[in-house]
**Q** 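For reference, the structure I am asking about is given below.
Naming convention: chains lettered A, B, ... in sequence-line order (proteins, then strands); numbering from 1 in each chain. Bear in mind that the values here come from a model prediction, so they are computed numbers and not experimental data.
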2 protein chains.
Amino acid sequence: MDREKKKIRSFEVAELAQISRSTVSRALAGDPRISEDTRERVLAAAAELGYQPNLIARGLKNQSTGIVGVVVTDLNNPYHAHALQLLIEKLGARRLAPLVFVGDTAEGAESAIERLMSYQVDAVIALAAPFSSQIVRACKAGRKPLVLMNRYDGDETVNVICGDSISAGAMVADHLVGQGARTFAYFAGEDSTTISLDRETGFVKRLNENGFALSARVSSRYSHAHALKVAPELLSSGAQAVFCANDTLAFALIDAVRQSPAAAVSPLIVGYDNSALASWPIYDLTSVDQNLEEMTSLTVETAHAIVIASDTPPKRHTIKPYLVERGSTRIQSA
Amino acid sequence: MDREKKKIRSFEVAELAQISRSTVSRALAGDPRISEDTRERVLAAAAELGYQPNLIARGLKNQSTGIVGVVVTDLNNPYHAHALQLLIEKLGARRLAPLVFVGDTAEGAESAIERLMSYQVDAVIALAAPFSSQIVRACKAGRKPLVLMNRYDGDETVNVICGDSISAGAMVADHLVGQGARTFAYFAGEDSTTISLDRETGFVKRLNENGFALSARVSSRYSHAHALKVAPELLSSGAQAVFCANDTLAFALIDAVRQSPAAAVSPLIVGYDNSALASWPIYDLTSVDQNLEEMTSLTVETAHAIVIASDTPPKRHTIKPYLVERGSTRIQSA
DNA sequence: CCCGGTTGTGCACACGTGTGAATAATGCAT
DNA sequence: ATGCATTATTCACACGTGTGCACAACCGGG
């Protein structure tokens, strides 16, 4: 074996191809000024040595590293984990590399951004992150383009890719009314982000248009245990249908119904995120699918456009979600 | 506002502090040759300008970027997602930055490693990745130190941090015997990795030592849907206790019992990974906890040691898992 | 023969940092 | 005053790459 091949720089390739280093660089970049036969010779030499360009050096010279910072909050939430996976895959397809940080607290997010700056990332993607105001401020201070996914901020100068929560709420209202429900409740999450509120307002607005109103509203932290504790309060309202801000809340609500000593008939229940668990027969939960596939595609596409041309004007996109109907909103046979 | 602060290099700091650039570098690095008052002046200037060193340039010069490549397979598996989150947090605490790639296929893993090489990562962490042989080969070719987490390979030259699957299997056997079970089955996963097999051999060995044997064995892919389909075959064996290679398989088995028309008594069931869902009342599953907290700590510690001193000899560590007992292995009152 | 145009290649610099070697500054004893 | 030791600072180079500009080679037409 070639025990001592230590480092293979463009210099070694040039040496083997009997040619200057600049020509190697141009040949690999596809510069038309290089003749066809020398290009072939360079490619052969590069392949033989297994040359891989040093992207750190290239990044220093080009002032563009091809690294994209990704800030995420809680990977224990399967929805975030799935989104991150899709982002990583789609970034990779465009030859971008994701530097991932967890910012689950305000100062954590801020320090994550600072470190991303030090690594000269070409752009930052913030994934459903609270503390968006800190992130926006930090990115603006460092002149780094920012793409907010599923979070939006008043600022008009940042890119935003967002689900259409208002029409999702309306869609759910229509579905529940169509299934025959007449009294409605909303199981809210703790966060006061615009996105989360939009789901509720879209829901309530469409209910009103159909001549109905919200008869109960309970909010909980986004944990199964806590949601399970407050769910009985919601059930005591006797609403025939409940829209939950989150699949986790919906699962807890279903569990609460099952634990309830009075074997009352379950309300119709709709969740949000269409996580894997929703399709399991034990829950069989009707849920709103945010179309993460398309959302992440658009996010990466936007980030890529910025990396290519840094003067790309900020875009604001909206993704249409769709409803996946399952057993939890089917009229009970009994 | 300082609209045109454009770039702040160490040069600008030197200029403000009326001093040379080298002195700035040494002052920030804590070189004892720098006098105390000039150091203070440098720190003040750096703070005033908000100077953040360019880690790309530093990486080029020092031949050490502080970037660690992380290869993961499936973030939709909550166990992997949780592990990744812990890894990211602990790497950050040691001022290392994770460049994350998904290698869910053999050639995907290989290309991920190649890209990591191009970015001159200081080390590679492979997280429960199949195709470990390709990864080991690629890292060896690029002279990159590798830490395998929860996967091990015959190769003695790579670092390995692994759960003690054999003793976990024994622990489960003891627990089930103690709960009064007399006939046993194993619900296996599809993969033929040593780790997965060790769980079974540890289990069977301890059963034998106690005078029992395995009466049934069924294997399935690691998806809820597929496991649900093959579960009845396992149930038909009539075993009083089932050890599952995975929480996912255990959940599917529980679902299968519930769907079963013959309202037979459920066997005692034990899972593996202690995922969040296991603690939900609806499953209340006894499960083996691999102690991810400690496992990720040790993984990062090992990677860090390599970054500091690249001649650190390869270590092989084993983490003791523990059993979390819940309702699924409690003797039924009925 | 000379000159302008075309084509292919090489020289030298820049990106921002860390660091060995050299230099200036200072104290101290001769 | 001068030589020597110690200290504080600066000079210049290296890391590996891309690229503007100069330059060589060649060719054809006047």
Side-chain angles (χ1 to χ4, degrees), chain A residues 5-43 45-46 49-67 95 117-122 142-143 310, chain B residues 5-43 45-46 49-67 95 117-122 142-143 310:
Chain A
K5 67 180 173 184
K6 216 51 204 287
K7 295 277 178 192
I8 302 157
R9 300 159 300 174
S10 65
F11 175 75
E12 275 73 16
V13 178
E15 207 175 29
L16 179 61
Q18 303 267 32
I19 224 165
S20 100
R21 216 178 39 76
S22 341
T23 308
V24 172
S25 172
R26 293 193 228 268
L28 295 179
D31 192 309
R33 296 183 302 175
I34 303 298
S35 72
E36 200 50 45
D37 57 344
T38 57
R39 161 167 301 129
E40 280 174 16
R41 217 174 37 189
V42 169
L43 288 178
L49 295 177
Y51 169 69
Q52 292 290 113
N54 183 332
L55 295 184
I56 295 297
R58 174 183 293 177
L60 178 57
K61 167 62 185 168
N62 288 359
Q63 306 284 58
S64 162
T65 54
I67 303 179
R95 310 212 60 82
M117 303 283 209
S118 294
Y119 275 110
Q120 315 292 328
V121 297
D122 288 342
R143 308 264 184 279
S310 57
Chain B
K5 66 180 172 183
K6 218 50 203 289
K7 296 279 175 187
I8 304 157
R9 301 159 299 173
S10 65
F11 176 76
E12 274 73 17
V13 179
E15 205 175 31
L16 178 62
Q18 304 265 32
I19 222 163
S20 101
R21 230 193 68 251
S22 337
T23 309
V24 172
S25 171
R26 292 195 225 268
L28 295 179
D31 192 308
R33 296 184 301 175
I34 303 297
S35 72
E36 200 48 48
D37 58 343
T38 57
R39 162 168 300 129
E40 281 175 14
R41 217 173 37 188
V42 169
L43 287 179
L49 296 177
Y51 169 69
Q52 293 288 115
N54 183 330
L55 294 184
I56 295 298
R58 175 183 293 178
L60 179 57
K61 167 61 186 165
N62 289 358
Q63 306 285 55
S64 162
T65 53
I67 302 178
R95 310 213 61 82
M117 304 283 211
S118 294
Y119 277 109
Q120 315 292 326
V121 297
D122 289 342
R143 306 267 184 276
S310 57

**Q** With sequence neighbours left out, what residues match A/Thr38 under side chain to side chain donor-acceptor pair (under 3.5 Å)?
**A**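 A/Thr38 satisfies side chain to side chain donor-acceptor pair (under 3.5 Å) with A/Ser35 once adjacent residues are dropped.
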**Q** Do A/Thr65 and A/Leu55 come close enough that some side-chain heavy atom pair is under 4.5 Å?
**A** no
**Q** Among all residues two or more places apart in sequence or in another chain, which pass the side chain to side chain donor-acceptor pair (under 3.5 Å) test with B/Arg21?
**A** B/Ser10
**Q** What pairs with B/Arg41 under salt bridge (Lys or Arg N to Asp or Glu O under 4.0 Å), at least two apart in sequence or on another chain?
**A**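 For B/Arg41, no residue satisfies salt bridge (Lys or Arg N to Asp or Glu O under 4.0 Å) once neighbours in sequence are set aside.
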**Q** Are the side chain of A/Asp31 and the backbone N or O of A/Arg33 linked by a donor-acceptor pair below 3.5 Å?
**A**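 Side chain of A/Asp31 to backbone of A/Arg33: a pair is present.
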**Q** How large an angle, rounded to 10°, do the end axes of the helix from C/dC1-D/dG30 to C/dT30-D/dA1 enclose when each is built from five base pairs?
**A**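 If I round to tens, the end axes sit 80° apart.
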**Q** Round to the nearest Å and state the distance from A/Gln52 atom CD to D/dT17 atom C1'.
**A**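 In whole Å, D/dT17 C1' lies 15 Å from A/Gln52 CD.
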**Q** Side-chain N or O of A/Tyr119 less than 4.0 angstrom from OP1 or OP2 on C/dG16?
**A**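 For C/dG16, neither OP1 nor OP2 has a side-chain N or O of A/Tyr119 closer than 4.0 Å.
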**Q** Could you give the CG-to-P distance, from B/Asp37 to D/dT7, as a whole number of Å?
**A** 15 Å
**Q** Nearest whole angstrom, please: distance from the P of C/dT9 to the CD of A/Glu36.
**A** 11 Å
**Q** Find the distance A/Phe11:CZ to C/dG10:P and express it as a whole number of Å.
**A**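 The answer, rounded to whole Å, is 12 Å.
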**Q** Output the rounded distance in Å from NZ (B/Lys7) to P (C/dT17).
**A** 10 Å
**Q** With B/Arg9, which residues qualify under salt bridge (Lys or Arg N to Asp or Glu O under 4.0 Å), at least two apart?
**A**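 Testing B/Arg9 for salt bridge (Lys or Arg N to Asp or Glu O under 4.0 Å), a comparison that skips the adjacent residues, returns B/Glu12.
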**Q** Could you give the CG-to-P distance, from B/Asp31 to D/dT9, as a whole number of Å?
**A**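 Those two atoms, CG and P, are 11 Å apart.
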**Q** Pull out every protein N or O sitting under 3.5 Å from an N or O of nucleotides 10-15 of chain D, one pair per line with the distance.
**A**
residue, atom, partner, partner atom, Å
D/dT10, OP2, B/Ser20, N, 2.8
D/dT10, OP2, B/Ser20, OG, 3.0
D/dT10, OP2, B/Thr23, OG1, 2.9
D/dT10, O4, B/Arg26, NH2, 2.6
D/dC11, N4, B/Ser22, OG, 3.0
D/dC15, O2, B/Lys61, N, 3.4

**Q** Partners of A/Arg39 by salt bridge (Lys or Arg N to Asp or Glu O under 4.0 Å), sequence neighbours excluded?
**A**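 Result, salt bridge (Lys or Arg N to Asp or Glu O under 4.0 Å) vs A/Arg39: A/Glu36.
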**Q** Please state how far atom CZ in B/Arg39 lies from atom P in D/dT9, giving the value in whole angstrom units.
**A**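 Roughly 10 Å, once rounded to whole Å.
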**Q** Under 4.0 angstrom, heavy atoms only, what part of the nucleic acid is A/Ser10 near: base, sugar-phosphate, or nothing?
**A** sugar-phosphate
**Q** List for me each residue that meets side-chain contact (heavy atoms from CB on, under 4.5 Å) alongside B/Gln52, sequence neighbours excluded, and say none if there are none.
**A**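 Testing B/Gln52 for side-chain contact (heavy atoms from CB on, under 4.5 Å), a comparison that skips the adjacent residues, returns A/Glu114, A/Ser118.
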**Q** Would you tell me if any nitrogen or oxygen in the side chain of B/Tyr51 comes within less than 4.0 Å of OP1 or OP2 on C/dG16?
**A**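 For B/Tyr51, the contact criterion (side-chain N or O under 4.0 Å from OP1 or OP2 of C/dG16) is not met.
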**Q** Given atom CZ of A/Arg58 and atom C1' of D/dT19, what is their separation to the nearest angstrom?
**A** 13 Å
**Q** Among all residues two or more places apart in sequence or in another chain, which pass the side-chain contact (heavy atoms from CB on, under 4.5 Å) test with B/Leu28?
**A** B/Val24, B/Val42, B/Leu43, B/Tyr51
